[in-house]
Amino acid sequence: MREILERHGKFDVDDRFTLPKLEDVVVNGEVRHDTIDSTNDYYDTADHDLRAQGVLLQRRDGDGETGWQLAVPDDGGRTELHWIHSDSPPDEVTTLLAGLALGKEVASVAKIHTVRERYRISAPQQERPCIEVDDDHVRASIGERLLAWREVKVDSGVGARRLTKRLTKRLRVAGARPSRYPSKLAHAVPAEPAPNSAAPASRALTDYLNAQLDRIVAGDIGLRRGQHPIHDTRVAIRRLRSTLRVFRKVLDQSAIGDLDSELKWFAASLGDVRDCQVQQRRFGDALDGMAEELVLGPVRTRIRNDLHAIELPARTGLTEAMESERYLAIMAVLRRWRATPPIDQDIAMGTLKKRARRAQHKADRRLAEALETGDDVWLHRARKAAKRARYAAELCKPVDKNAKRTVKHYKNIQSLLGDHQDTVVACEALQRMAVAAGTTVGENGFTYGMLYAREQQIARQCRQGARRLR
């Protein structure tokens with residue numbers, strides 16, 4: 001197990017700087033010194049598309065860990081993937097980055113050579129260091145441009161905060177200055193400036209959009225890795241589309257273009273796969289709850305085979321969609337929004353709240369109309385309106401103290417009507433299966449009829465629950 005130290009300071013120093021005394025930082029402590037020589041070669045497109053989306057690809061050489069490392073955003077943190085050393089990026093890496101690289105070539109953009117003098121300070125009778133001081137002499141090449149600098153980092157283990165504070169004070173007295181750069185790569189190749197608005201409403205809108213872009217990026221990588229982030233990716237796209245519609249008046253339509261319809265196209269490809277997964281679990285759970293004598297014939301086998309017959313070509317269609325120029329065009333628009341979001345940078349607080357309230361009023365009206373008619377199509381429209389009201393309230397949380405309660409209300413409506421819509425889809429599938437089973441030797445439609453009746457009962461309960469919430 002590798003111990004993780006917490007970063008407590010990073011400092012810029014010059015060649016004349018001398019490290020202060022380290023031996024007495026820990027009483028009767030031990031200082032172990034070694035030298036690490038390593039080179040990190042960072043790869044990206046010429047437009048730095050990977051880094052702009054929070055993705056870092058590097059090849060490590062020298063002492064310590066070698067080979068390729070890909071760091072990707074993952075649920076608020078980062079996931080690191082590793083491959084053995086090779087002269088060029090492995091084919092698997094190229095495949096994983098196909099969407100985020102936007103079809104562009106990925107090549108070396110900065111090579112950083114570091115000679116690190118490492119000092120690990122341990123308390124008496126402890127093998128693991130409680131503090132680590134890294135004195136790094138750095139040389140960087142960015143094309144024809146060469147840079148050189150020196151920096152000192154201080155990391156510590158759990159419970160060493162007081163000792164670290166004492167050490168960082170000594171470093172400052174010796175002439176160390178807090179670094180202006182969060183990383184060596186940022187020193188060598190400054191990141192493109194992030195949009196920064198003084199208006200709280202504009203910041204709330206920008207942060208909400210970026211959160212959805214992060215999830216879509218993570219979904220792209222996850223899908224190409226063979227994982228199952230379909231639901232999370234789909235929800236992020238829904239939130240993004242909802243934001244584009246509800247807050248249309250304060251967004252730059254020239255930067256948005258036909259993105260809403262293109263996102264709808266890709267979301268449909270995700271939905272074709274996701275719906276089969278949902279139905280498989282739904283029917284399986286229902287059968288688990290039925291008495292064995294009511295399950296007549298190979299019901300589970302038919303359900304599994306029929307749904308797989310739909311899901312497999314749907315997965316092929318999703319893969320083809322993600323390899324298309326149409327998909328890359330979507331990702332290119334989202335990439336541009338990282339640096340230039342399509343947002344008015346001086347949105348008034350009242351304007352943002354007004355747009356959210358309009359979404360709520362529309363959701364209330366749609367629900368009333370749907371409950372009056374009882375029509376499945378109208379109930380589905382009411383569900384989508386409730387989602388938009390919920391997402392708009394989510395966006396307003398940083399600037400509206402009442403938004404949390406609003407989110408909860410419309411989430412409950414969305415959940416009930418979502419369950420109702422699931423029954424509609426399930427009933428259609430069960431009808432198809434019952435017809436096929438009824439004309440196949442060794443099967444009959446009895447159990448499908450039982451499942452159908454169960455779905456009808458759930459639908460009635462959902463409508464009753466929605467009336468109470470109204």
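Start at 1 with the first residue, then count along the sequence. Just so we're clear, the structure is a prediction, and the values are computed from it rather than from any experiment.
For the pair Y43 and S108, the minimum side-chain heavy-atom distance is below 4.5 Å. The shortest distance between side-chain heavy atoms of E151 and K184 falls below 4.5 Å. No side-chain heavy atom of K249 sits under 4.5 Å from any side-chain heavy atom of K354. Taking 4.5 Å as the limit, every side-chain heavy atom of V93 sits out of range of all side-chain heavy atoms of V106. A heavy-atom distance below 4.5 Å is found between the side chains of R116 and K153. Put simply, the side chain of D400 does not reach to within 4.5 Å of the side chain of T406, judged on heavy atoms. Side-chain contact between V407 and K404 is absent, with no heavy-atom pair separated by less than 4.5 Å. Side chains of D272 and L318 form no contact here, defined as non-hydrogen atoms less than 4.5 Å apart.
Considering every non-hydrogen atom in both V399 and M349, the closest pair reads CB-SD, 3.1 Å. Closest heavy-atom contact between V333 and A255: CG1-O, 4.1 Å. A363 approaches A389 most closely through the heavy-atom pair CB-CB, 4.0 Å. Taking each heavy atom of A359 and A392 in turn, the nearest pair found is CB-CB, 4.5 Å. For the residue pair M331 and I216, the shortest heavy atom distance occurs at SD-CG2, 4.3 Å. Scanning all heavy atoms of the two residues, the minimum distance from G99 to Y327 falls at CA-CE2, 4.5 Å.
With respect to R150, the salt bridge (Lys or Arg N to Asp or Glu O under 4.0 Å) criterion is satisfied by exactly one of D136, D14, D135: D135. Among H113, H137, H187, the one residue that satisfies the ring-ring contact (aromatic ring centres under 6.0 Å, His included) test with W149 is H187. For the pairing with E192, the salt bridge (Lys or Arg N to Asp or Glu O under 4.0 Å) check across R51, R335, R336 returns one residue only, R335.
For CZ of R170, the number of neighbouring non-hydrogen atoms (other residues, nucleotides, ligands) closer than 6.0 Å is greater than 12. Around NZ of K411, the count of heavy atoms belonging to other residues, nucleotides or ligands within 6.0 Å does not exceed 12. At most 12 non-hydrogen atoms from other residues, nucleotides or ligands lie less than 6.0 angstrom from CZ of R245. Remark: K111 NZ is loosely packed, at most 12 non-hydrogen atoms of other residues, nucleotides or ligands lying under 6.0 Å away. Within 6.0 Å of CD on Q253 lie more than 12 heavy atoms contributed by other residues, nucleotides or ligands.
A distance-only check finds a donor-acceptor pair linking the side chain of Q53 to the backbone of L100 [under 3.5 Å]. Listed for the S242 side chain is no donor-acceptor partner under 3.5 Å among the backbone atoms of R239. Between the side chain of T373 and the main chain of A370, a donor-acceptor pair closer than 3.5 Å is present. Formation of a donor-acceptor pair under 3.5 Å by the T66 side chain with backbone atoms of G62 is not found in this model. In this structure, R59 contributes its side chain and D87 its backbone to a donor-acceptor pair below 3.5 Å. T79 places no side-chain N or O within donor-acceptor distance of the main-chain N or O of V72, the cut-off being under 3.5 Å. Judged by distance alone, the side chain of D63 and the main-chain N or O of D37 form a donor-acceptor pair under 3.5 Å. Side-chain atoms of W68 come within 3.5 Å of backbone N or O of S86 as a donor-acceptor pair. With R145 contributing its side chain and A188 its backbone, the two residues share a donor-acceptor pair below 3.5 Å.
Interatomic distance, D49 CG to D44 CG, rounded to the nearest 0.5 Å: 6.5 Å. In this structure, CG on L417 lies 11.0 Å from CG on D422, to the nearest 0.5 angstrom. The distance from the OG1 atom of T423 to the CG atom of L379 is 9.5 Å, given to the nearest 0.5 Å. Rounded to the nearest 0.5 angstrom, Q280 CD and D306 CG are separated by 10.0 Å. With rounding to the nearest 0.5 Å, the separation of NE2 in H409 from CD in Q360 is 8.5 Å. Annotation: the span from L209 atom CG to L240 atom CG amounts to 6.0 Å, rounded to 0.5 Å.
Looking at D12 and S179, their side chains do bring a donor and an acceptor atom within 3.5 Å of each other.
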Worksheet item: Step by step, would you call Y391 with T243 a side chain to side chain contact (heavy atoms under 4.5 Å, CB included)?
Response: CA-CA 7 Å; Y391 298 154; T243 302; 5.5 Å; no
Practice prompt. Report the C-alpha distance between D232 and R215 in whole Å, list the side-chain angles of each, state the deciding distance to 0.1 Å, and finish with yes or no for side chain to side chain contact (heavy atoms under 4.5 Å, CB included).
Written response: CA-CA 7 Å; D232 291 344; R215 292 186 181 98; 5.7 Å; no
Item to complete: Could you go through the side chain to side chain donor-acceptor pair (under 3.5 Å) check for H231 and Q277 one step at a time?
Response: CA-CA 10 Å; H231 176 67; Q277 297 172 344; over 6 Å; no
Worksheet item: Would H420 and R383 count as a side chain to side chain contact (heavy atoms under 4.5 Å, CB included) if you check the C-alpha gap in whole Å, the side-chain angles of each, and the deciding distance to 0.1 Å?
Response: CA-CA 9 Å; H420 182 275; R383 174 201 180 196; over 6 Å; no
Worksheet entry | Worked verdict on K10 versus D155 for salt bridge (charged side-chain N to carboxylate O under 4.0 Å, His left out) | CA-CA 9 Å; K10 184 170 180 287; D155 299 333; over 6 Å; no
Discussion item. For a side chain to side chain contact (heavy atoms under 4.5 Å, CB included) check, start with the C-alpha distance between K165 and R162, then their side-chain angles and the critical distance, and finish with the verdict.
Written reply: CA-CA 5 Å; K165 186 176 181 180; R162 182 177 57 84; 5.7 Å; no
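With respect to R118 and D134, no salt bridge is recorded, no charged nitrogen being found less than 4.0 Å from a carboxylate O. Electrostatic pairing of D220 and R224 counts as a salt bridge here, judged by a charged N lying under 4.0 Å from a carboxylate O. Taking a cutoff of 4.0 Å between a charged side-chain nitrogen and a carboxylate oxygen, R381 and D375 do not qualify as a salt bridge.
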